[in-house]
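See below for the structure under consideration.
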Protein chains: 2
Amino acid sequence: MFSKTCEYGLRAVIFIAQQAKTNEKVGINTISEAIDSPQAFTAKILQQLTKNKIIESIKGPYGGFFIDEKRLNKIALSNIVQVLDGDSIYTGCGLGLHQCNDKKPCPLHFKFIEIRENLKKMLENTTLLELSSDKALADYYLKN
Amino acid sequence: MFSKTCEYGLRAVIFIAQQAKTNEKVGINTISEAIDSPQAFTAKILQQLTKNKIIESIKGPYGGFFIDEKRLNKIALSNIVQVLDGDSIYTGCGLGLHQCNDKKPCPLHFKFIEIRENLKKMLENTTLLELSSDKALADYYLKN
DNA sequence: TTAATAAAAGATAAATTCATCTTTTATTAA
DNA sequence: TTAATAAAAGATGAATTTATCTTTTATTAA
Ligand code: FES
Ligand code: FES
């Protein structure tokens, strides 16, 4: 479904969001530990997300990655997927035709766009605020 | 969503199924032309599908790939995806956790399994018979 | 100012996916 | 039987994704 890059990115951002509640910055070491991902690779991904203003970072001692708590409700999972995997998941043909459109649909088109739309809506409607609630923190896991 | 292998495989099998209506065998050349896919690569994919009894093949002059018309309603897209991409799309965690299960769910689990299940059902309920109907042949495209 | 810390940036490497090319095997018709 | 045809099998190569390592830059506290 998503690339490894996107999977790690989503998990990392959710973890950072959960720390935002306590206004804490977290280092790459802590993050990759918490989500069980390759550290250097995860660092590269967070670099991309920083450039794209999804998260923020500060260098040096006491530095790390963080998200302004006030923005938690503005950032949806769709934004992260967009940055890391582009929009092929939202607009691409399920059978790999160069263009997905109603005029020249592939045999799966009308069934496929429904699922694609549901996925899109789900990602758009799921914000970091929701995922960093106390209940979310208690009930869900970022590694296993 | 699907790998290139799976995309080409699905398109190829649908094309072969459409020819089954007229009891015709089709060569790899014709197939890759019809679905706009790399020929040698598609041949490898069809080899796998033949081994897995999704389609049949005969070597030599007047040979080619074909599907017994009577089996068109037995073969669902899920069978093809299973052979080419395995079942990670049906059972894997959306955020890439090693195991997807209700006991230790990722933050996206309950939203994700809904979409995953819809995709699964859609693929299970879509048979080659449906996709090789006259209407399907008239209305849909396998390349663009 | 200096030493320590941590992310950014850049180079490189491993693994996987995507793709092609060559040789072999099976089948057919002449 | 022979030549032609077409898929199977195997080897190899290119591209992309995944991952690591090294150097640089920014920040902090002593
Ligand atoms: S054309 Fe294939 S999904 Fe739209
Ligand atoms: S645990 Fe992530 S989707 Fe089920």
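Below, chain A is the first sequence line, B the second, and so on; all start at residue 1.
- Between the CD1 atom of Ile35(B) and the P atom of dA19(C) there is a distance of 11 Å, rounded to whole Å.
- For residues 24-32 of chain A, proximity to DNA chain D is found at no residue, defined as any non-hydrogen atom under 4.0 angstrom from a strand atom.
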Can you check each nucleotide of nucleotides 20-30 of chain D against protein heavy atoms at under 4.0 Å and return B for base, S for sugar-phosphate only, - for none, in 5' to 3' order?
B----BBBBS-

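- Regarding Gln48(B), its CD atom lies at a distance of 14 Å from the C1' atom of dG10(D), rounded to whole Å.
- Smallest separation of non-hydrogen atoms from Ile80(A) and Ile54(A): CG1-CG2, 3.9 Å.
- Note on Gln47(A): a side-chain N or O is less than 4.0 Å away from OP1 or OP2 of dA9(C).
- Between the CZ atom of Phe65(B) and the C1' atom of dA6(D) there is a distance of 9 Å, given to the nearest Å.
- Atom NZ of Lys51(A) is separated from atom C1' of dA8(C) by 8 Å (rounded to the nearest Å).
- Candidate nucleotides dA19(D), dC18(C), dA7(D) were compared by shortest atom distance to the side chain of Thr5(B), and dC18(C) ranks first.
- Taking Ser132(A) as the reference, nothing meets the side chain to side chain donor-acceptor pair (under 3.5 Å) condition, with sequence neighbours excluded.
- A donor-acceptor distance shorter than 3.5 angstrom exists from the side chain of Arg116(A) to the backbone of Gly92(A), with no hydrogens or angles considered.
- Rounded to an integer number of Å, the gap from Ile45(A) CD1 to dA8(C) P is 13 Å.
- Nucleotides of DNA chain D nearest to Cys6(A) and Gly64(B) differ in position, and the one nearer the 5' end is that of Gly64(B).
- Here Tyr8(B) reaches the OP1 or OP2 of dA19(C): one of its side-chain N or O atoms lies under 4.0 Å away.
- Listed by first and then second residue, the salt bridge (charged side-chain N to carboxylate O under 4.0 Å, His left out) pairs that reach into residues 117-129 of chain B are Lys120(B)-Glu124(B), sequence neighbours excluded.
- Between Leu84(B) and Gln48(B), the closest heavy-atom pair is CD2-OE1, 3.9 Å.
- Pairs passing the side chain to side chain donor-acceptor pair (under 3.5 Å) check and including a residue from residues 85-112 of chain B, sequence neighbours excluded, read Asp36(A)-His98(B), Thr126(A)-Lys111(B), Glu130(A)-Lys111(B), Ser3(B)-Asp85(B), Asp102(B)-His109(B).
- For Asp139(A), the side chain to side chain donor-acceptor pair (under 3.5 Å) partners two or more places apart in sequence, or in a different chain, are Lys135(A).
- Within the 4.0 Å cut-off from OP1 or OP2 of dA7(D), not a single side-chain nitrogen or oxygen of Thr50(B) is found.
- For Gln18(A), the side chain to side chain donor-acceptor pair (under 3.5 Å) test picks out no residue, with sequence neighbours left out.
- Distance, Leu49(B) CG to dA7(D) P: 14 Å, rounded to whole Å.
- The two atoms that bring Leu123(A) and Phe2(A) nearest to each other are CD1-CZ, 4.1 Å, heavy atoms only.
- Within residues 92-99 of chain A, no residue places a heavy atom under 4.0 Å from DNA chain C.
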Contacts table for residues 65-78 of chain B: side-chain donor-acceptor under 3.5 angstrom, sequence neighbours left out:
{"unit_1": "Asp68(B)", "atom_1": "OD1", "unit_2": "Lys70(B)", "atom_2": "N", "d": "3.2"}
{"unit_1": "Arg71(B)", "atom_1": "NH2", "unit_2": "Lys53(B)", "atom_2": "O", "d": "2.9"}

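- Thr42(A) is linked by a side chain to side chain donor-acceptor pair (under 3.5 Å) to Ser37(A), counting only residues two or more places apart in sequence or in another chain.
- Whole-Å rounding puts the Leu46(B) CG to dT20(C) P distance at 14 Å.
- Scanning DNA chain D for stems, defined as runs of 3 or more consecutive Watson-Crick or G-U wobble pairs whose donor-acceptor distances all fall under 3.5 Å, gives the following ranges: C:1-30 with D:1-30.
- Asn52(B) is not listed as a side-chain neighbour of Gln82(B), based on a closest heavy-atom distance of 4.5 Å or more.
- Chaining together hydrophobic side chains whose heavy atoms lie under 4.5 Å apart places Phe110(A) alongside Ile113(A), Tyr140(B).
- Arg11(A) places a side-chain N or O within donor-acceptor distance of the main-chain N or O of Leu95(B), the cut-off being under 3.5 Å.
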